[in-house]
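Chain naming here is simple, since letters A, B, ... match the order of the sequence lines and numbering starts at 1 in each.
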Amino acid sequence: DVKVTQSSRYLVKRTGEKVFLECVQDMDHENMFWYRQDPGLGLRLIYFSYDVKMKEKGDIPEGYSVSREKKERFSLILESASTNQTSMYLCASSFRRGGSTIQYFGAGTRLSVL
Amino acid sequence: TQLLEQSPQFLSIQEGENLTVYCNSSSVFSSLQWYRQEPGEGPVLLVTVVTGGEVKKLKRLTFQFGDARKDSSLHITAAQPGDTGLYLCAGGYSGAGSYQLTFGKGTKLSVIP
């Protein structure tokens, strides 16, 4: 089974703190993604990476950065957390099969910024 | 930006009833995935459809991809409380560099015992 593991299920941080969200996948997938999910807004793509050390901005990259030093690990960084970054954060990895892109998700990290 | 519209947004039904959830777009997709997400968890892949007109069955769930590959439906027969969750559809594209999926906002299903 594909396994995408997010380091924390719940996090509570203070405004202004630097926050690291870690994600590891065990299927040697090339592509990894970070989303945030908010009620009424659905899944919104923050950043993705299609190879080690490569990254691309998604739809809402402001206030976030990412790091991919190893193929299996993709980190999301909140440089200075703000209350509007309180959300559910989802990591995914993907591969292509027969022309389809299949994404697998971690269990999510619910981040509260106070 | 390609959009996927899901309907209905919310659905509350009694155990044993049937239901259909729709996913529509003006864009053509090379594939379409359906996910189910339970509260506090990440989405879990249910099925992928890739051929226009394709129908796939997963126990009491039937998935259909439209002939033009612009829309899809999920039909649940005799819904059970365990079917409760958020159902997401996601469209994918073919071609080099096509890494991303476009997600609908989801249908939140509640099945009341």
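For the pair A/R9/B/E41, a side-chain contact is recorded, criterion being any heavy-atom separation below 4.5 Å from C-beta on. Side-chain contact check for A/L43 versus B/Q37: every heavy-atom pair is 4.5 Å or farther apart. Contact of the A/I102 side chain with the B/Q33 side chain is registered, since non-hydrogen atoms from C-beta on lie closer than 4.5 Å.
Ranked by heavy-atom pairs under 4.5 Å with chain A, the first of B/S30, B/P43, B/A90 is B/P43. The most heavy-atom pairs under 4.5 Å with chain B, out of A/Y10, A/Y104, A/F33, come from A/F33.
In the hydrophobic clustering of this structure, A/I77 does not group with A/V52; members are Ile, Leu, Val, Met, Phe, Trp, Tyr whose side-chain heavy atoms approach within less than 4.5 Å, directly or through other members. A/L41 and A/L111 are members of different hydrophobic clusters when ILVMFWY side chains are connected at heavy-atom separations under 4.5 Å. Residues B/L46 and B/L19 fall within the same hydrophobic cluster, defined by Ile, Leu, Val, Met, Phe, Trp and Tyr side chains chained together at heavy-atom separations under 4.5 Å. One hydrophobic cluster, built from ILVMFWY side chains closer than 4.5 Å, cannot hold both B/L88 and B/V44; they sit in different ones. Under the 4.5 Å side-chain heavy-atom criterion for ILVMFWY residues, no single connected hydrophobic cluster contains both A/F105 and A/Y64.
A pairwise comparison of heavy atoms in A/T101 and B/S31 identifies N-OG, 4.1 Å as the closest pair.
With a threshold of 4.5 angstrom between heavy atoms, B/L101 approaches chain A through its backbone and through its side chain. Using a 4.5 Å cut-off between heavy atoms, A/Y35 touches chain B through its side chain atoms alone. Residue B/Q6 does not touch chain A at all, counting heavy-atom pairs closer than 4.5 Å. Only the side chain of A/Q37 comes within contact range of chain B, with heavy atoms under 4.5 Å apart. Heavy-atom distances place no part of B/L32 under 4.5 Å from chain A, backbone and side chain included. Neither the backbone nor the side chain of A/R44 comes within contact range of chain B; no heavy atom of the residue lies under 4.5 Å from a heavy atom of that chain. The contact between A/L45 and chain B is made entirely by side chain atoms (from C-beta outward), counting heavy-atom distances below 4.5 Å.
Summarising the local packing, CD of B/Q9 is surrounded by 12 or fewer heavy atoms from other residues, nucleotides or ligands at distances under 6.0 Å. Annotation: A/K57, atom NZ; neighbour count of heavy atoms from other residues, nucleotides and ligands within 6.0 Å does not exceed 12. Atom NZ of A/K71 has more than 12 neighbouring heavy atoms from other residues, nucleotides or ligands inside a 6.0 Å radius.
The CD atom of B/Q100 sits 8.5 Å away from atom CD of A/E56, with the distance rounded to the nearest 0.5 Å.
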